[in-house]
**Student:** 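Got a structure for you, written out below as structure tokens; questions coming shortly.
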Amino acid sequence: MNRDIPTASRVAIGLIVFLLSIGFIVISTRELVITAETAEIVFLAKNVEESKIFPLAIISLYARNSHETIIKKKICRSDFVKAGATLVLMNLDLQDSESDYPGWELALSTADEYIRAAIACLPTSGNLWARLAMLKLAAGEDPKEVGRLMTIAQRLAPAEINELTNRLRIWNRVSEPTLNYAKPAVLKDLAVARSNIAYGELKTVNESLSMKRFLKRVGN
């Protein structure tokens, strides 16, 4: 019996291998292009997260670039998405709503649109949901909305220490009605924090008046 692969089959296999190779090259090339386009954003965000100081003009420029990259170019790669979130939020933090309200309002709108797009890219990132809650808090606190977003953030990352610490800072800034609305999430975060976070870091959580009232009422 002739066990040789028929000529037509060999041609078909060769064609499949060729097409797979082309596909791999295209994907690899696109990844290289994305890396080149986002390298400065990722680098700057890393330095910002290390508490290095940059002029507002630089942060604003790269925040706009991040926004354009995720909204118009639809780039959803995790390293870029997280770096861009850092920059758009830093840009908002650096704005002065009293001396330049239009600039602050634009930065808030840009950050809100960016974080929503980032969540569409990475819907299981508890950190992004918490950041969206921060934006809603800055825009004018709606207890149900902020509480809902924070509850999602807590469910997605219940024990990651960095994310937990960030959530505790947000809990300490929200109003008592928000704490009441999201009571199960607040209590879960406090329970995990008391087991895992050093006392020096945890004690600042209980300093706000709303948090003191909330804890007194729930017996904590």
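Note that the structure is a prediction, hence the values are computed from the model and not measured.
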**Student:** Side-chain heavy atoms nearer than 4.5 Å, only ILVMFWY residues, links allowed to pass through others: does that put Ile71 and Leu92 together?
**Tutor:** yes

**Student:** Quick check: do Asp100 and Pro102 have side-chain heavy atoms less than 4.5 Å from each other?
**Tutor:** yes

**Student:** Are side-chain heavy atoms of Arg173 and Ser175 found at a separation under 4.5 Å?
**Tutor:** no

**Student:** Search all heavy atoms of Ala85 against all heavy atoms of Leu128 and return the closest pair with its distance.
**Tutor:** CB-CD2, 4.1 Å

**Student:** With rounding to the nearest 0.5 angstrom, report the CG to CE distance, Leu179 to Met150.
**Tutor:** 9.0 Å

**Student:** According to a 4.5 Å side-chain heavy-atom criterion applied to Ile, Leu, Val, Met, Phe, Trp and Tyr, with indirect links allowed, do Leu94 and Leu135 form part of one hydrophobic cluster?
**Tutor:** yes

**Student:** So, taking the atom named CZ in Arg155 and the one named OG1 in Thr124, what distance separates them when rounded to the nearest 0.5 Å?
**Tutor:** 15.0 Å

**Student:** Within the structure provided, determine whether Asp142 and Lys136 are in side-chain contact (heavy-atom separation under 4.5 Å).
**Tutor:** no

**Student:** Using modelled atom types and a 3.5 Å cut-off, is there a donor and acceptor pairing between side-chain atoms of Tyr114 and backbone atoms of Val81?
**Tutor:** yes

**Student:** Is a side-chain donor or acceptor of Trp129 paired with a backbone partner of Pro123 at a separation under 3.5 angstrom?
**Tutor:** yes

**Student:** In the single-linkage hydrophobic clustering (I, L, V, M, F, W, Y; side-chain heavy atoms under 4.5 Å), do Trp104 and Ile59 co-cluster?
**Tutor:** yes

**Student:** Could you measure the distance from the CZ atom of Phe54 to the CG atom of Leu44? Nearest 0.5 Å is fine.
**Tutor:** 5.0 Å

**Student:** Could you give the distance from OG1 (Thr151) to NZ (Lys188), rounded to the nearest 0.5 Å?
**Tutor:** 8.5 Å

**Student:** Any side-chain heavy atom of Leu132 sitting closer than 4.5 Å to one from Asp112?
**Tutor:** yes

**Student:** Would Lys82 and Leu122 satisfy side chain to side chain contact (heavy atoms under 4.5 Å, CB included), going step by step from the backbone distance to the final call?
**Tutor:** CA-CA 9 Å; Lys82 293 176 181 178; Leu122 305 173; 4.3 Å; yes

**Student:** Judged by atom type as modelled, is there a donor-acceptor pair below 3.5 Å linking the side chain of Thr110 to the main-chain atoms of Leu106?
**Tutor:** yes

**Student:** Could you tell me if the side chain of Glu145 sits less than 4.5 Å from the side chain of Arg148, heavy atoms only?
**Tutor:** yes

**Student:** Would you say the side-chain atoms of Asn91 pair up with the backbone N or O of Leu87, donor to acceptor, closer than 3.5 Å?
**Tutor:** no

**Student:** If I compare all heavy atoms of Ala83 with all of Ile41, which pair ends up nearest, and what's the gap?
**Tutor:** CB-O, 4.0 Å

**Student:** Could you pull out the closest heavy-atom pair between Gly126 and Ala153, with the gap in Å?
**Tutor:** O-CB, 3.4 Å

**Student:** When you look at CG of Asn162, are more than 12 heavy atoms from neighbouring residues, nucleotides or ligands closer to it than 6.0 Å?
**Tutor:** no

**Student:** Is there a side-chain contact between Leu168 and Leu190, using heavy atoms and a 4.5 Å cut-off?
**Tutor:** yes

**Student:** Please find the pair of heavy atoms, one from Cys121 and one from Ile75, that lie closest to each other, and give the distance.
**Tutor:** SG-O, 4.4 Å

**Student:** Could you tell me which non-hydrogen atom of Gln154 sits nearest to which non-hydrogen atom of Asp189, and how far apart they are?
**Tutor:** CG-OD1, 3.3 Å

**Student:** Is Tyr62 linked to Phe43 within one hydrophobic cluster, defined over Ile, Leu, Val, Met, Phe, Trp and Tyr using a side-chain heavy-atom separation of less than 4.5 Å?
**Tutor:** no

**Student:** Are a donor atom and an acceptor atom from the side chains of Asn172 and Arg169 found within less than 3.5 Å of each other?
**Tutor:** no

**Student:** Working to the nearest 0.5 Å, report the span between CG of Leu137 and CZ of Arg131.
**Tutor:** 15.0 Å

**Student:** Trp171 and Ala182: which non-hydrogen atoms are nearest, and at how many Å?
**Tutor:** CH2-CB, 3.6 Å

**Student:** With hydrophobic residues grouped by side-chain heavy-atom distances under 4.5 Å, do Val174 and Met134 end up in a single group?
**Tutor:** yes

**Student:** Under 4.0 Å between a Lys/Arg side-chain N and an Asp/Glu carboxylate O for Glu50 and Lys46?
**Tutor:** yes

**Student:** To the closest 0.5 Å, what do you measure between CD1 (Ile115) and CD1 (Ile70)?
**Tutor:** 8.0 Å

